[in-house]
Amino acid sequence: MGTSDLAKEMRVRHTPDRIGMLVPLSLCVMAARVHGLDIVDGVYLDLENAEGFEAACIQGRDMGFDGKTLIHPKQIAASNQVFAPSEAEIQHAEKVIQAWDEAQQAGKGVVVVNGRLIENLHVEEAKRMLALRDAIQNRA
């Protein structure tokens, strides 16, 4: 996403909460998903504000972005940390996949993991999370 261009064209200010860009950013995430594409959030311009950068990464991740456009090498570690699955998420994904495989072998179409219903869509997300972890580890 070219967030600087977006801000210019929309005539909104770059604010920490990006309030003026939340709707168009969300629409872009939706458009990417409709077309089966990954989408990377725009740059964070203040190289001296590590906390602000991390907050922008968290916001982007929680909006559905797959990563963050970086303008300096010192942003790599923080971006990878935010967009990478946590150890707890990895463990859960592995448990979901294992339970699903066991359920499939038993002829079941659903399974419960930690009290939550698991369907094939959850398994797909678990596999995506493990693939993301592997991609980040292989590039680090």
Do Phe83 and Asp66 touch side chain to side chain, with heavy atoms closer than 4.5 Å?
no
For the backbone of Gly42 and the side chain of Lys68, can you confirm whether one donor and one acceptor N or O come within less than 3.5 Å of each other?
yes
CG (Asp46) and NE2 (His14) are apart, to the nearest 0.5 Å, by 12.0 Å
Decide, yes or no, whether a salt bridge links Lys127 with Glu124 under the criterion of side-chain N to carboxylate O below 4.0 Å.
no
Ignoring hydrogens and geometry, is there a side-chain-to-backbone donor-acceptor pair from Arg33 to Cys28 under 3.5 Å?
no
Heavy atoms, side chains only, cut-off 4.5 Å: are Gln137 and Asp134 in contact?
yes
Minimum side-chain heavy-atom gap Glu125-Arg128 below 4.5 Å:
yes
Looking at Glu89, I want to see if its CD is surrounded by more than 12 non-hydrogen atoms of other residues, nucleotides or ligands under 6.0 Å.
yes
Is a side-chain N or O of Ser79 found less than 3.5 angstrom from the main chain of Gln75, in a donor-acceptor match?
no
Under the 4.5 Å side-chain heavy-atom rule for ILVMFWY, direct or indirect, which residues accompany Leu70?
Tyr44, Phe53, Ile76
Working to the nearest 0.5 Å, report the span between CD of Glu54 and CG of Asn49.
10.5 Å
Validation row: Arg18, Asp41 side chains within 4.5 angstrom (heavy atoms):
yes
Assigning hydrophobic clusters by single linkage (Ile, Leu, Val, Met, Phe, Trp, Tyr; side-chain heavy-atom cutoff under 4.5 Å), is Val112 placed with Val110?
no
Checking Glu102 now: which residues fulfil side-chain contact (heavy atoms from CB on, under 4.5 Å) with it, not counting sequence neighbours?
Gln98
Looking only at atom types and distance, does a side-chain atom of His72 sit under 3.5 Å from a main-chain N or O of Lys74, one as donor and one as acceptor?
yes
Exercise: identify the closest heavy-atom pair between Met63 and Val29:
O-CG1, 3.8 Å
Whether Arg133 and Glu94 form a salt bridge (side-chain N of Lys/Arg under 4.0 Å from carboxylate O of Asp/Glu) is what I want to check.
yes
Flag side-chain contact, heavy atom, 4.5 Å: Met21 against Thr15:
no
If every non-hydrogen atom of Asp38 is compared with every non-hydrogen atom of Ala32, which pair is closest and at what distance?
O-CB, 4.4 Å
Any side-chain heavy-atom pair from Met1 and Phe65 closer than 4.5 angstrom?
yes
Through direct or indirect side-chain contacts below 4.5 angstrom among Ile, Leu, Val, Met, Phe, Trp and Tyr, which residues connect to Leu45?
Val43, Leu47, Ile71
Would you name the heavy atoms of Gln104 and Lys108 that are closest together and state the gap between them?
NE2-O, 2.9 Å
Let me check something: do Met129 and Leu132 share a hydrophobic cluster, defined by ILVMFWY side-chain heavy atoms less than 4.5 Å apart, either directly or through other members?
no
Leu117 versus His122: any side-chain heavy-atom pair under 4.5 Å?
no
Sequence-distant partners of Arg61, side-chain hydrogen bond (donor to acceptor under 3.5 Å, both in side chains), two or more places apart:
none
Under the side-chain contact (heavy atoms from CB on, under 4.5 Å) test, residues paired with Pro16 that sit two or more places apart:
none
Answer yes or no: is there a side-chain heavy-atom contact under 4.5 Å between Val96 and Val123?
yes
Any chain of hydrophobic side-chain contacts (each under 4.5 Å) joining Val34 to Ile39?
no
For residues 2-11, dump all side-chain donor-acceptor pairs below 3.5 Å to protein atoms at least two apart in sequence or in another chain.
none

